Amino acid sequence: MKVVIVGGVAGGATAAARLRRNDEAAQIVMFERTGFVSYANCGLPYYVGGVIADEAELTLQTPESFRERFRVDVRVRHEVLSIDRGAKCVTVRDLATGREFSESYDKLVLSPGARPVRLGLPQPLPERVFTLRTVEDTLRIHDFVTTKKPRTAVLAGGGYIGLELAENLLRQGVSVTLVQRGRQLLTTLDADMAAFVHARLQKAGVRLLFGHAVQGVESGETGVRLCFAGLPAVEADMAVISAGVEPDTALAKDAGLKMGLKGSIAVDDHMRTCDPDIYAVGDAVQVQNGVTGENACIPLAGPANRQGRIAADNICGGDAAYRGSFGSAVVQVFDMTAASTGLNARAAAAAGLDFDRIYLSPADHASYYPGGTLMAMKVLFQKGTYRLLGAQIVGGRGVDKRIDVLATAMQAGLPATALKDLDLAYAPPYSSAKDPVNLVGYLADNLQKGRLRQFFWEEADGLPRDGSVTLLDVRTPGEYARGHIEGFRNIELDALRERLGELPAGKPVYVHCQSGLRSYIACRILMQHGFTCFNLSGGYRQYAAATAQRAAAEAACPCGQDKS
């Protein structure tokens with residue numbers, strides 16, 4: 001059996017290695033149009049910043065090491081130009097010599113990946129304007145930064161790469177302006193969670209501009225001007241376009257393969273295309289969203305690796321199936337970590353799901369052990385069933401651990417209420433006896449059993465101030481003085497029982513504290529004294545962050561611009 005693989009990196013390289021482990025006799029040929037067959041995409045920004053100091057560390061396997069260990073015929077700087085499905089061969093160009101030739105196959109694996117969204121800009125991009133997708137891209141940026149010593153950079157796009165690159169350029173002494181078309185960065189998060197990321201970037205000195213779309217670029221010998229709709233041109237010494245990626249699927253389309261969402265390659269759960277002898281994996285393929293079952297494009301390294309393995313198993317006679325992508329992802333932003341899994345609120349609403357949410361701000365480890373930091377958590381679940389739909393966490397240490405537990409619970413089908421029963425590891429440097437994930441379960445259980453009623457940060461300013469309801473802040477007077485929600489009176493929790501007579505009987509009470517814990521205790525006191533009580537989910541901390549972000553986004557977005 002002869003297998004030809006188009007494209008290396010995560011999906012293609014994994015497929016090649018798995019094929020060899022399954023079949024020692026198979027002939028395996030892999031074509032990669034760049035000069036690197038297996039490299040760490042996600043590590044590229046960190047080479048620019050010097051965190052990864054050795055260029056060789058970016059390369060996981062070389063063509064030589066692949067040949068020696070797996071006996072795979074790896075040919076870099078070779079571009080596959082076309083597929084002849086009838087003849088079962090591909091036409092290939094050697095980019096070093098220009099020579100074109102045909103290569104036959106019994107089975108073909110397509111792993112072309114994705115390419116940066118070009119935003120209608122001229123190709124190739126002008127000097128001083130970069131994208132970051134391949135090792136060659138990062139080498140060009142690294143060389144420019146180390147030799148030209150730019151003082152300023154403008155980044156168009158606020159996804160994972162944009163944020164990581166902003167941080168790493170700052171490490172090299174470059175002042176960064178980050179421009180985003182929508183009203184927030186990291187669209188896998190909801191805006192009320194992205195607010196914490198915005199604050200951290202601004203604290204580090206990153207200038208953020210929202211609501212502006214790139215319209216053009218002008219580059220000269222000494223600088224670059226990035227032009228935006230509704231915004232004066234931003235001038236800098238360099239620019240990086242990091243506005244996301246799109247499936248790179250012209251080869252598959254020209255071959256007549258069935259296409260999917262956003263121009264991706266349609267595959268079944270065995271990673272087969274409409275041609276039974278052609279498989280496709282990685283960022284170029286359409287998958288099922290693991291929560292909704294709907295078609296989706298989710299370009300992440302973990303899914304690409306699993307898909308390459310599944311395709312290889314099935315080529316060798318197996319019956320492996322891909323169960324969908326849940327979009328679990330994590331990114332470092334200076335000393336902060338932002339992570340998500342499953343659906344955010346926008347996606348859940350778009351899917352027509354009737355959902356509820358929980359906010360909380362637990363510490364990453366026991367409060368009595370020094371060095372603890374807070375994390376902001378948002379968990380979505382389906383009303384009635386409490387089926388987990390998604391989670392978002394922003395904080396310091398321990399964020400990755402909690403998002404992975406929540407992702408596992410979601411994929412295992414556990415309801416939010418079952419999280420209270422998870423037996424999770426505890427020691428003071430790592431967690432509390434009630435882990436943050438357990439706390440989500442306790443909150444969900446309280447909601448289900450009627451011990452807790454919630455209201456949310458976006459509702460707080462709209463509550464009546466005419467005396468028809470009681471608005472109560474149970475933080476300390478010092479906390480109240482440092483900032484509070486207008487119209488909320490302050491009665492500290494520990495004095496509440498003695499001052500119940502000050503609260504009008506028969507009127508609903510809307511209560512909050514800093515994180516939601518003390519106000520929950522207040523609600524339990526009030527409810528047992530005959531009051532109807534609602535607790536602000538996530539507390540003043542969530543309210544302050546989200547309202548500050550909303551105000552900044554509204555001020556930055558001109559009329560008529562995309563505010564998504």
Side-chain angles (χ1 to χ4, degrees), residues 1-16 18-19 26-34 75 78-93 100-118 133 245-289 293-300 303-325:
M1 177 176 62
K2 180 178 181 181
V3 182
V4 170
I5 302 173
V6 180
V9 199
T14 297
R18 182 67 172 177
L19 281 164
Q27 182 184 355
I28 307 170
V29 181
M30 182 160 52
F31 295 111
E32 168 58 48
R33 64 186 167 200
T34 73
R75 306 182 204 177
H78 281 68
E79 182 176 12
V80 175
L81 303 175
S82 62
I83 303 168
D84 186 332
R85 292 165 55 192
K88 297 185 72 170
C89 68
V90 295
T91 300
V92 187
R93 177 183 294 148
E100 295 184 7
F101 60 93
S102 293
E103 190 78 31
S104 63
Y105 65 83
D106 297 312
K107 301 290 183 182
L108 180 66
V109 179
L110 302 179
S111 180
R115 63 186 180 189
V117 173
R118 296 171 179 174
R133 183 66 181 173
V245 295
E246 57 190 7
D248 191 358
T249 54
L251 183 67
K253 184 177 180 180
D254 291 346
L257 296 177
K258 183 180 178 181
M259 308 304 289
L261 190 69
K262 299 179 181 179
S264 59
I265 305 170
V267 293
D268 63 14
D269 63 356
H270 282 47
M271 308 314 299
R272 279 189 299 256
T273 69
C274 63
D275 186 320
D277 293 319
I278 302 179
Y279 293 72
V281 302
D283 293 355
V285 305
Q286 174 180 279
V287 297
Q288 278 193 332
N289 183 291
E294 299 295 323
N295 292 329
C297 293
I298 302 178
L300 292 168
N305 275 279
R306 292 193 294 277
Q307 292 159 13
R309 179 186 177 95
I310 287 167
D313 285 352
N314 291 325
I315 287 170
C316 294
D319 188 27
Y322 188 69
R323 302 302 182 189
S325 292

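Computed from a prediction, not measured in an experiment: that's the story for all the values here.
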- prompt: L257 and R85: side chain to side chain contact (heavy atoms under 4.5 Å, CB included), yes or no, with the steps?
  reply: CA-CA 10 Å; L257 296 177; R85 292 165 55 192; 4.0 Å; yes
Just verifying a value: how many Å separate [X] [atom1] and [Y] [atom2], rounded to the nearest 0.5 Å?
{"X": "K107", "Y": "I278", "atom1": "NZ", "atom2": "CD1", "result": "10.0 Å"}
{"X": "I265", "Y": "C297", "atom1": "CD1", "atom2": "SG", "result": "10.0 Å"}
{"X": "S102", "Y": "K88", "atom1": "OG", "atom2": "NZ", "result": "15.0 Å"}
{"X": "M30", "Y": "H78", "atom1": "CE", "atom2": "NE2", "result": "13.0 Å"}

Is there a donor-acceptor pair under 3.5 Å between the side chain of [X] and the backbone N or O of [Y]?
{"X": "K2", "Y": "D106", "answer": "no"}
{"X": "E32", "Y": "G8", "answer": "yes"}
{"X": "N295", "Y": "L261", "answer": "no"}

Residue pair [X] / [Y]: nearest heavy atoms and the distance that separates them:
{"X": "H270", "Y": "I310", "answer": "O-CG2, 4.2 Å"}
{"X": "Q288", "Y": "G293", "answer": "NE2-O, 3.3 Å"}
{"X": "I28", "Y": "A16", "answer": "CD1-O, 3.9 Å"}
{"X": "P112", "Y": "A284", "answer": "CG-CB, 3.6 Å"}
{"X": "P299", "Y": "D283", "answer": "CA-OD1, 3.3 Å"}
{"X": "S264", "Y": "Q286", "answer": "OG-CB, 3.2 Å"}

task: Under the side chain to side chain contact (heavy atoms under 4.5 Å, CB included) rule, what do V267 and Y279 come out as? Steps first, then yes or no, please.
output: CA-CA 8 Å; V267 293; Y279 293 72; over 6 Å; no
message: Taking side chain to side chain contact (heavy atoms under 4.5 Å, CB included) as the criterion, tell me which of V285, V281, I83 meets it with L110.
response: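 Of the listed options, the one satisfying the test is I83.
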- request: Report the C-alpha distance between R75 and V92 in whole Å, list the side-chain angles of each, state the deciding distance to 0.1 Å, and finish with yes or no for side chain to side chain contact (heavy atoms under 4.5 Å, CB included).
  value: CA-CA 11 Å; R75 306 182 204 177; V92 187; over 6 Å; no
Could you tabulate the donor-acceptor pairs under 3.5 Å formed by side-chain atoms of residues 246-256, not counting sequence neighbours?
{"from": "E246", "atom 1": "OE2", "to": "R115", "atom 2": "NE", "distance (Å)": "3.1"}
{"from": "D248", "atom 1": "OD2", "to": "R33", "atom 2": "NH2", "distance (Å)": "2.2"}
{"from": "T249", "atom 1": "OG1", "to": "G263", "atom 2": "O", "distance (Å)": "2.5"}

Pairwise side-chain contact, L108 with D275, heavy-atom cut-off 4.5 Å (strictly under):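 No, their side chains stay 4.5 Å or more apart.
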- request: Please lay out, stage by stage, how C316 and R18 fare under the test side chain to side chain contact (heavy atoms under 4.5 Å, CB included).
  value: CA-CA 10 Å; C316 294; R18 182 67 172 177; over 6 Å; no
